[in-house]
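Atoms considered below: every heavy atom in the structure, side chains included; atoms not considered: hydrogens, waters and symmetry mates.
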Amino acid sequence: SFLENNLHIRNGTINHMEVLEDYHDGALHYQSMRIDATISKNFDAACFPLGTQVLSFYISPENYTSDTVILVPDTENSGINSNLSASGYSPIRSNISSTLLRHLNTMGNPLLNEPEEISHLIVALELNRNSWGLFFQCFIALFGTVGWILITLYICANHRIDPLLTLPPALFGAVSNLIVGTNLLPDMAQFGLVEYMNFYGILMILAGTLSIIQVNRIRDYTQDHDYADSYGRVMFFTLLILSIAGMLMMPAVTYRWR
């Protein structure tokens, strides 16, 4: 039959193909197939551990050009199987369409005057993260270290205690969180949410550390404790607002809200 001998899936391998229905009546040819195929797809890691992934594949008649065969999508009877499952993701929508793709050249074929044009059927499935669990697992250490810096800055400003010696573990925790997060990514060269969140957290930690150093300097050199306390409180609330706003804004614009 036509499908058994000529069906091709780009970036995929057909493991098994079963003919369910095969009907021919003059110019009418109808076939229903069940296909087991393995298709490779590189996920976009820029928005990891959030973000939306689009899985798509192309079906084409391998030995027929558009002059002979044109694939027409059945949009009314196409959709997502209700039993479909993907770990950590939920299907949002699917779409099916067709297009004509022309080869770049004649591939050295002397029988062709122009490049061949092949009809392709495009199937796309959009997946979205079904929870924020993995996000919090990736950044819980970072949230803890930034929170610890804010607590030490608050103590320094309001109780006149020098907590500077307690800050190196916080920076170590943030750097460790960055290492763990990037090791989860399939492509280390691609900068995304994990790196930006950790860099922003490290920036807040350094800003909090410098604020504590400045508060101590004002107290030691000017002996103006009231001014030092006021400066510390202003920096505390400034960094608190920046930390909350930045660490909420980045994942909020990354996650697709339904």
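- Looking at heavy atoms from C-beta onward, Leu150 lies in side-chain contact with Phe236 at the 4.5 angstrom threshold.
- Within 6.0 Å of OH on Tyr58 lie no more than 12 heavy atoms contributed by other residues, nucleotides or ligands.
- Tracing side-chain contacts under 4.5 Å through hydrophobic residues (I, L, V, M, F, W, Y), one reaches Phe139 starting from Met247; they form part of the same cluster.
- Side-chain heavy atoms closer than 4.5 Å link hydrophobic residues (I, L, V, M, F, W, Y) into clusters, and following such links, even through other members, never connects Val54 to Ile39.
- Under the side-chain contact (heavy atoms from CB on, under 4.5 Å) criterion, Ser87 pairs with no residue at all, not counting sequence neighbours.
- Residues Leu20 and Ile14 do not share a hydrophobic cluster, defined by chaining ILVMFWY side chains whose heavy atoms lie under 4.5 Å apart.
- Put simply, CG on Asn128 and CD1 on Ile92 are 4.0 Å apart, with the number rounded to the nearest 0.5 Å.
- In this structure, Arg102 places its CZ atom where more than 12 heavy-atom neighbours from other residues, nucleotides or ligands lie under 6.0 Å away.
- Under a cut-off of 6.0 angstrom, the local environment of OH in Tyr154 is sparse, with at most 12 non-hydrogen atoms contributed by other residues, nucleotides or ligands.
- Taking each heavy atom of Leu193 and Phe48 in turn, the nearest pair found is CB-O, 3.6 Å.
- In the hydrophobic clustering of this structure, Leu134 groups with Tyr196; members are Ile, Leu, Val, Met, Phe, Trp, Tyr whose side-chain heavy atoms approach within less than 4.5 Å, directly or through other members.
- Side-chain atoms of Tyr231 and Val215, non-hydrogen and from C-beta on, do get closer than 4.5 Å to each other.
- The line from CZ of Arg10 to CD1 of Ile118 is 10.5 Å long, rounded to the nearest 0.5 Å.
- Take Glu21 and apply the side-chain contact (heavy atoms from CB on, under 4.5 Å) test, not counting sequence neighbours, and it matches Tyr30, Ser32.
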Go through the steps for Ile122 and Phe57 under the test side chain to side chain contact (heavy atoms under 4.5 Å, CB included), then give the verdict. CA-CA 6 Å; Ile122 307 171; Phe57 59 93; over 6 Å; no
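- Separating the CG atom in Asp229 from the NE2 atom in His159 is a distance of 10.5 Å, to the nearest 0.5 Å.
- At least one side-chain heavy atom of Pro251 sits less than 4.5 Å from a side-chain heavy atom of Met197.
- In this structure, Ser243 OG and Ile205 CD1 are separated by 9.0 Å, a value rounded to the nearest 0.5 Å.
- Other residues sharing a hydrophobic cluster with Leu100 under the 4.5 Å side-chain heavy-atom criterion for ILVMFWY residues are Ile70, Val72.
- Closest of all the heavy-atom pairs between Asp220 and Gln223 is O-NE2, 3.0 Å.
- Ion pairing between Asp224 and Arg219 fails under the 4.0 Å rule for side-chain N and carboxylate O.
- Pairing each heavy atom of His24 with each of Asp22, the nearest pair is NE2-OD1, 2.6 Å.
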For the pair Met17 and Asp36, evaluate side chain to side chain contact (heavy atoms under 4.5 Å, CB included) and give the outcome as yes or no after the intermediate values. CA-CA 6 Å; Met17 187 181 300; Asp36 177 15; over 6 Å; no
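- By the 4.5 Å heavy-atom criterion applied to side chains, Thr145 and Ile202 are not counted as neighbours.
- Two different hydrophobic clusters hold Val146 and Ile241 under the rule that ILVMFWY side chains link at heavy-atom gaps under 4.5 Å.
- Residues Asn216 and Ile213 form no side-chain contact, since every pair of their non-hydrogen atoms from C-beta on lies 4.5 Å or further apart.
- Here Met235 contributes atom CE and Leu153 contributes atom CG; the two are 7.5 Å apart, rounded to the nearest 0.5 Å.
- In this structure, the side chains of Leu101 and Glu117 stay at 4.5 Å or more apart for every pair of heavy atoms.
- With a 6.0 Å cutoff to the six-membered ring centre and a 45° limit on the axis angle, Arg129 does not count as a cation-pi contact of Phe135.
- Across all non-hydrogen atoms, the minimal contact from Pro49 to Cys138 is CG-SG, 4.1 Å.
- Scored by the side-chain hydrogen bond (donor to acceptor under 3.5 Å, both in side chains) test, Asn11 finds no partners at all (sequence neighbours excluded).
- By the side-chain contact (heavy atoms from CB on, under 4.5 Å) test, Pro73 pairs with Thr75, Ile96, Ser98, Leu121, sequence neighbours left out.
- Contact detail for Tyr89 and Gly51: the closest heavy-atom pair is CE2-O, 4.2 Å.
- With a 4.5 Å cut-off on side-chain heavy atoms, Ser56 and Leu125 do not count as touching.
- Annotation: side chain of Leu71 is not in contact with side chain of His120 (no heavy-atom distance under 4.5 Å).
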Given the rule in the side chain to side chain contact (heavy atoms under 4.5 Å, CB included) test, do Leu127 and Thr52 qualify, once you have shown the distances and angles that lead to the verdict? CA-CA 6 Å; Leu127 303 174; Thr52 300; 5.8 Å; no
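- In this structure, the side-chain contact (heavy atoms from CB on, under 4.5 Å) partners of Asp74, at least two apart in sequence or on a different chain, are Glu76, Asn77, Ser78.
- For Met204 against Leu242, the heavy-atom pair with the smallest separation is SD-CB, 4.0 Å.
- Between Leu239 atom CG and Ile244 atom CD1 the span is 11.0 Å, to the nearest 0.5 Å.
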Does the side chain to side chain contact (heavy atoms under 4.5 Å, CB included) test come out yes or no for Met33 and Val19, once each step is laid out? CA-CA 5 Å; Met33 308 288 297; Val19 179; 3.5 Å; yes
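- Geometrically, Arg217 engages Tyr221 in a cation-pi contact defined by less than 6.0 Å to the ring centre and at most 45° from the axis.
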